[in-house]
Trainee: 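Take this structure first; my questions come after.
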Amino acid sequence: MQTISPGSGDGRSPVVTRFAPSPTGQVHIGNIRVAIYNWLFARHHGGRFLLRIEDTDRARSTDEAVRALLEAMEWLGLDYDGEPVFQSRRREAHLEAADRLLAAGAAYRTRKGEGAGEVIVFRMPPENMEFEDLVRGRLKKAADDLQDFVIVRSDGTPVFHLANVVDDIDMGVTHVIRGDDHIENTFRHLALYRALGAEPPFFAHLPMIVNDQGKPYSKRDGAAYVGEFRRQGYLPEAVFNYLVLLGWSPGDDREILSRDELIRLFDLDRVRPSASRMDLQKLMWMNGEYIRALPEEDYQRRFRQALEEAGLLSGAEDEQYVQRVGELLRARLRYFGQVKEMAVYFFREDYAWDMRAVEKRFRVENARDRLRECGELMAQVDPFVAADIEREVRAAAERRGLKAAVYIHLLRVAVSGTDRGPGLFEMLELLGRDRVLARIQRALRELPFSDLQKGTAGQQP
RNA sequence: GCCCCCAUCGUCUAGAGGUCCAGGACGCCGGGCUCUCAUCCCGGAAACAGGGGUUCGAGUCCCCUUGGGGGCGCCA
């Protein structure tokens, strides 16, 4: 029989939890939240958090899925104690337990159906069952609603219920924290614990996370996977924080909580029993908060990385320039995946024209002439720094009896392609005179001014 | 079909019988700042699913209805 040594601890920790996923694809947020709660509970109580990979469904389990699982856990900082236990390698222990049940008369061999092989079936005691769930309170089941069930298949392989319980016993798990789709199984598992002469653990069943329609997640609901958030440039600490708050709250008004605070505050008694929806809007907000709270150095490193991933860096960029762009964009970012779109015009000359912005900002009298004047102005300002550019633009507007905003908007759209972004004058200074002049020429060349004379363009709010 | 679970603003939640004409956050709307967007600041609209009980008093306890979900495998 294989022995399990799940941790390097002294084995006397009061609390032992485990995360026991079956690696069948990408890691779903509902699943990872189960891992997070197990992790937090163990850390809060100074116990151990173990990982068991339930890879017994060999048809669906893949190495790639295991890798994705490990990566997701590492990304979120869910460190586990000891080595992962692979359930598929625990076969002997499972079958040995089945033999013991057989010998004790708690299980029996039988054939189910014509031509079927012999299976081992667990004899469900004819008693009403109940247990105290740490999230839901007392749960009961009438004996009539519980039937005997297969624990070893005709091909000799153990079934989930058996494997799960035997492994939890051998790993010394004290608190089984899992999805509420296992509530019904718990009565069977409890009977198995008793028949195997083991003290049952405490159980806590967590509600599921549903999509923004309030429906269970299906494969079609993108962005429900941990890897997806990582790819889009979310910060792991923000995703962690958000997910913890989905079903649990500290009891006061705090929302942004550090990992240490969460460990200190988390407990199962404040976990809500009802399902909760994934709210991408709130996640984005929270991620933005985390981005703004990042130490400057960390932020710049991540920003640069996002630029690289977006393919916006050629390698020849001035480091100061890149950092300055990062500074200008920081307050606007909600996740780093937005860098690609928000920073494009700082690194490419062929940025696209946002025609909605063009129509809105170029709908002024003599837009073409006004923009040409901007070009002349830009050619003259010296030195080409924000304060001087601003002074000259405002002065020029005043001479013409125009609002400075007219020039400002024309310039902004011309040099960036869009009407949203950092302060214009800082932007111009950063881009530098040569590029600004070239971009104005490009706008003069490519944009359809004639169609946008005042009054001829349709009213567009 | 049978069994079980869940139910406060659009969303996440606070609320452990009176202090709740229900608080916070995201989002939304309005305002301030400003060249735009964002950040930031101020203000606003927005909920106890419905019906019965229990109680002097119910968002809070009980029952029913409705709605949602889960389970009834030689899947996990």
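Lettering of chains follows the sequences in order, A, B, ..., and the numbering in each one begins at 1.
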Trainee: Check this one for me: any side-chain N or O of A/Ser276 less than 4.0 Å away from OP1 or OP2 of B/U13?
Mentor: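 Result: yes.
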
Trainee: Considering every strand shown, what is the Watson-Crick or G-U wobble mate of B/A7 when both distances are under 3.5 Å?
Mentor: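 Base partner found: B/U66.
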
Trainee: I'd like to check the ring pair (Phe, Tyr, Trp, His ring centres under 6.0 Å) partners of A/Phe266; sequence neighbours left out, ordered by chain and number.
Mentor: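 Counting only residues at least two positions away or on another chain, A/Phe266 forms a ring pair (Phe, Tyr, Trp, His ring centres under 6.0 Å) with A/Tyr37, A/Trp248.
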
Trainee: Do the non-hydrogen side-chain atoms of A/Val176 and A/His182 ever get within less than 4.5 Å of each other?
Mentor: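 Side chain of A/Val176 against side chain of A/His182, heavy atoms only: no contact under 4.5 Å found.
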
Trainee: Could you tell me how far B/A7 sits from B/G51 if I compare only their C1' atoms? Round to whole Å.
Mentor: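 Comparing C1' positions in B/G51 and B/A7 gives a spacing of 15 Å.
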
Trainee: Under 6.0 Å from the six-membered ring centre of A/Phe240 and within 45° of its axis: does the NZ or CZ of A/Arg259 meet both?
Mentor: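 Pair A/Arg259/A/Phe240 counts as cation-pi.
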
Trainee: Between the protein and nucleotides 43-45 of chain B, which nitrogen or oxygen pairs are less than 3.5 angstrom apart?
Mentor:
none

Trainee: Go through the steps for A/Phe131 and A/Phe187 under the test ring-ring contact (aromatic ring centres under 6.0 Å, His included), then give the verdict.
Mentor: CA-CA 8 Å; A/Phe131 71 98; A/Phe187 300 101; 5.4 Å; yes

Trainee: For B/C29 and B/C20, measure between their C1' atoms and round to the nearest Å.
Mentor: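 These two C1' atoms come out 25 Å apart once rounded.
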
Trainee: Suppose you measure atom P in B/G67 against the same atom in B/G43; what distance do you get, rounded to whole Å?
Mentor: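 It works out to 42 Å between them.
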
Trainee: With hydrogens left out and only the distance checked, is there a donor-acceptor pair under 3.5 Å joining A/Arg332's side chain and the base of B/C37?
Mentor: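 Indeed, a donor on one side and an acceptor on the other fall under 3.5 Å apart.
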
Trainee: What one-letter contact string describes nucleotides 59-65 of chain B from 5' to 3', where B marks a base within less than 4.0 Å of any protein heavy atom, S marks contact via sugar-phosphate atoms alone, and - marks no contact?
Mentor: -------

Trainee: Anything under 3.5 Å between a protein N or O and an N or O of nucleotides 69-76 of chain B, put it in a table, one pair a line.
Mentor:
{"residue": "B/G69", "atom": "OP1", "partner": "A/Lys215", "partner atom": "NZ", "Å": "3.2"}
{"residue": "B/G70", "atom": "N2", "partner": "A/Glu184", "partner atom": "OE2", "Å": "3.1"}
{"residue": "B/C74", "atom": "OP2", "partner": "A/Lys112", "partner atom": "NZ", "Å": "3.3"}
{"residue": "B/C74", "atom": "O2", "partner": "A/Ser154", "partner atom": "N", "Å": "3.0"}
{"residue": "B/C74", "atom": "O2", "partner": "A/Ser154", "partner atom": "OG", "Å": "3.1"}
{"residue": "B/C74", "atom": "N3", "partner": "A/Ser154", "partner atom": "OG", "Å": "3.0"}
{"residue": "B/C75", "atom": "OP2", "partner": "A/Arg153", "partner atom": "NE", "Å": "2.1"}
{"residue": "B/C75", "atom": "OP2", "partner": "A/Arg153", "partner atom": "NH2", "Å": "3.1"}
{"residue": "B/C75", "atom": "O3'", "partner": "A/Arg153", "partner atom": "NH2", "Å": "3.3"}
{"residue": "B/C75", "atom": "O2'", "partner": "A/Asp57", "partner atom": "OD2", "Å": "3.0"}
{"residue": "B/A76", "atom": "OP1", "partner": "A/Arg153", "partner atom": "NH2", "Å": "2.6"}
{"residue": "B/A76", "atom": "OP2", "partner": "A/Arg153", "partner atom": "NH2", "Å": "2.9"}
{"residue": "B/A76", "atom": "OP2", "partner": "A/Phe160", "partner atom": "N", "Å": "3.2"}
{"residue": "B/A76", "atom": "O3'", "partner": "A/Glu54", "partner atom": "OE1", "Å": "3.3"}
{"residue": "B/A76", "atom": "O2'", "partner": "A/Ser22", "partner atom": "OG", "Å": "2.9"}
{"residue": "B/A76", "atom": "N6", "partner": "A/Asn185", "partner atom": "ND2", "Å": "3.4"}
{"residue": "B/A76", "atom": "N1", "partner": "A/Asn185", "partner atom": "ND2", "Å": "3.3"}

Trainee: If we take the P atom in both B/C72 and B/A14, what is their distance in whole Å?
Mentor: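 That atom pair is separated by 30 Å.
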
Trainee: Measuring only the P atom in each nucleotide, how far is B/C6 from B/U65? A whole number of Å is fine.
Mentor: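 B/C6 and B/U65 have their P atoms separated by 16 Å.
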
Trainee: For atom P, what is the distance between B/C5 and B/G10, given to the nearest Å?
Mentor: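 Taking atom P in both B/C5 and B/G10, they lie 27 Å apart.
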
Trainee: To the nearest Å, give me how far apart CE (A/Met342) and C1' (B/U39) are.
Mentor: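 Going from CE in A/Met342 over to C1' in B/U39 covers 11 Å.
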
Trainee: Starting at CG of A/Leu139 and ending at C1' of B/C3, how long is that distance when rounded to a whole Å?
Mentor: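 Atom-to-atom, A/Leu139 to B/C3, this comes out as 13 Å.
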
Trainee: Got a donor-acceptor contact below 3.5 angstrom from the A/Glu118 side chain to the A/Arg109 backbone?
Mentor: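 It does not hold such a pair.
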
Trainee: For B/G1, what is the paired nucleotide under Watson-Crick or G-U wobble rules, both distances under 3.5 Å?
Mentor: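 Partner of B/G1: B/C72.
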
Trainee: Can you tell me which residue pairs pass the salt bridge (charged side-chain N to carboxylate O under 4.0 Å, His left out) test with a partner in residues 27-36 of chain A, sequence neighbours excluded?
Mentor: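 Listed by first then second residue: nothing to list.
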
Trainee: Can you check the distance between B/G27 and B/C35, where both ends of the measurement are the P atom (answer in whole Å)?
Mentor: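 To the nearest whole Å, 25 Å.
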
Trainee: Need one value for A/Arg292: base, sugar-phosphate or nothing, where a base atom within 4.0 Å counts as base even if backbone is also close, heavy atoms only.
Mentor: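 Answer is sugar-phosphate: A/Arg292 comes under 4.0 Å of backbone atoms only.
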
Trainee: Once you round it to whole Å, what is the distance between P of B/C12 and CE of A/Met284?
Mentor: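 Interatomic distance, CE of A/Met284 to P of B/C12: 16 Å.
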
Trainee: A/Leu265 has an atom CG; how far is it from atom P of B/A14, in whole Å?
Mentor: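 Nearest whole value for this atom pair: 14 Å.
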
Trainee: Contact class for A/Asp145 (heavy atom, under 4.0 Å): base, sugar-phosphate, or nothing?
Mentor: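 It contacts sugar-phosphate atoms only.
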
Trainee: Take nucleotides 17-35 of chain B nucleotide by nucleotide from the 5' end and write B, S or -, depending on whether a protein heavy atom sits under 4.0 Å from the base, only from the sugar-phosphate, or from neither.
Mentor: -------BBBS-------B

Trainee: For A/Glu289, which contact category applies under a 4.0 Å heavy-atom criterion: base, sugar-phosphate, or nothing?
Mentor: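 Since only primed, P, OP1 and OP2 atoms lie under 4.0 Å of A/Glu289, the category is sugar-phosphate.
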
Trainee: Taking the side chain as every heavy atom from C-beta outward, state whether A/Leu246 and A/Leu243 have any atom pair closer than 4.5 Å.
Mentor: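 Side-chain contact under 4.5 Å: yes.
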
Trainee: Roughly how many Å is it from CZ in A/Arg272 to C1' in B/A7, rounded to a whole number?
Mentor: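 Rounded to whole Å, this separation is 9 Å.
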
Trainee: Check ring pair (Phe, Tyr, Trp, His ring centres under 6.0 Å) between A/Tyr80 and all other residues, then give those that pass, not counting sequence neighbours.
Mentor: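 Here no residue qualifies.
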
Trainee: Quickly work out the A/Tyr217 OH to B/G68 P distance and round it to whole Å.
Mentor: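 Nearest whole value for this atom pair: 19 Å.
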
Trainee: Between A/Arg442 and A/Tyr351, is NZ or CZ placed under 6.0 angstrom from the six-membered ring centre and within 45° of the ring axis?
Mentor: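 So A/Arg442 does make the cation-pi contact.
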
Trainee: Rounding to an integer number of Å, can you tell me how far A/Ile256 CD1 sits from B/U13 C1'?
Mentor: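 These atoms are roughly 14 Å apart.
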
Trainee: Between B/A45 and B/U60, how many Å separate the two C1' atoms, rounded to a whole number?
Mentor: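 It works out to 26 Å between them.
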
Trainee: A/Asp369: what forms a side-chain contact (heavy atoms from CB on, under 4.5 Å) with it, not counting sequence neighbours?
Mentor: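 side-chain contact (heavy atoms from CB on, under 4.5 Å) check on A/Asp369 returns A/Asn366, A/Arg372, A/Glu373.
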
Trainee: Pick the closest RNA chain B nucleotide for A/Pro273 and for A/Ala142 by heavy atoms, then say which residue is nearer the 5' end.
Mentor: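 Its nearest nucleotide being more 5', the pick is A/Ala142.
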
Trainee: Among pairs that include at least one residue of residues 322-344 of chain A, which meet salt bridge (charged side-chain N to carboxylate O under 4.0 Å, His left out), considering only residues two or more places apart or in two chains?
Mentor: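 Qualifying pairs: A/Glu296-A/Arg330, A/Arg324-A/Glu327, A/Arg324-A/Glu426.
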
Trainee: Taking atom P of B/C3 as reference, at what distance in whole Å does atom CD of A/Glu130 sit?
Mentor: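 Rounding to the nearest Å, CD of A/Glu130 and P of B/C3 are 18 Å apart.
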
Trainee: Quick one: list whatever passes side-chain hydrogen bond (donor to acceptor under 3.5 Å, both in side chains) with A/Thr186, sequence neighbours left out.
Mentor: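 Checked A/Thr186 against side-chain hydrogen bond (donor to acceptor under 3.5 Å, both in side chains); matches are A/Arg178, A/His205.
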
Trainee: Side chains of A/His409 and A/Val364, heavy atoms from C-beta outward: is any pair under 4.5 Å?
Mentor: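 No; the side chains remain at least 4.5 Å from each other.
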
Trainee: In Watson-Crick or G-U wobble terms, both distances under 3.5 Å, what is the partner of B/G27?
Mentor: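 Its partner is none (no Watson-Crick or G-U wobble pair with both distances under 3.5 Å).
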
Trainee: Residues two or more places apart in sequence or in another chain: which of them pass side-chain hydrogen bond (donor to acceptor under 3.5 Å, both in side chains) with A/Thr110?
Mentor: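 Expected list: none.
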
Trainee: Take A/Phe160 and A/His189 through the test ring-ring contact (aromatic ring centres under 6.0 Å, His included) and record every step on the way to the result.
Mentor: CA-CA 10 Å; A/Phe160 161 73; A/His189 295 180; 5.7 Å; yes

Trainee: Holding to ring pair (Phe, Tyr, Trp, His ring centres under 6.0 Å), I want the full list of residues that pass it with A/Tyr108, two or more places apart in sequence or in another chain.
Mentor: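 None.
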
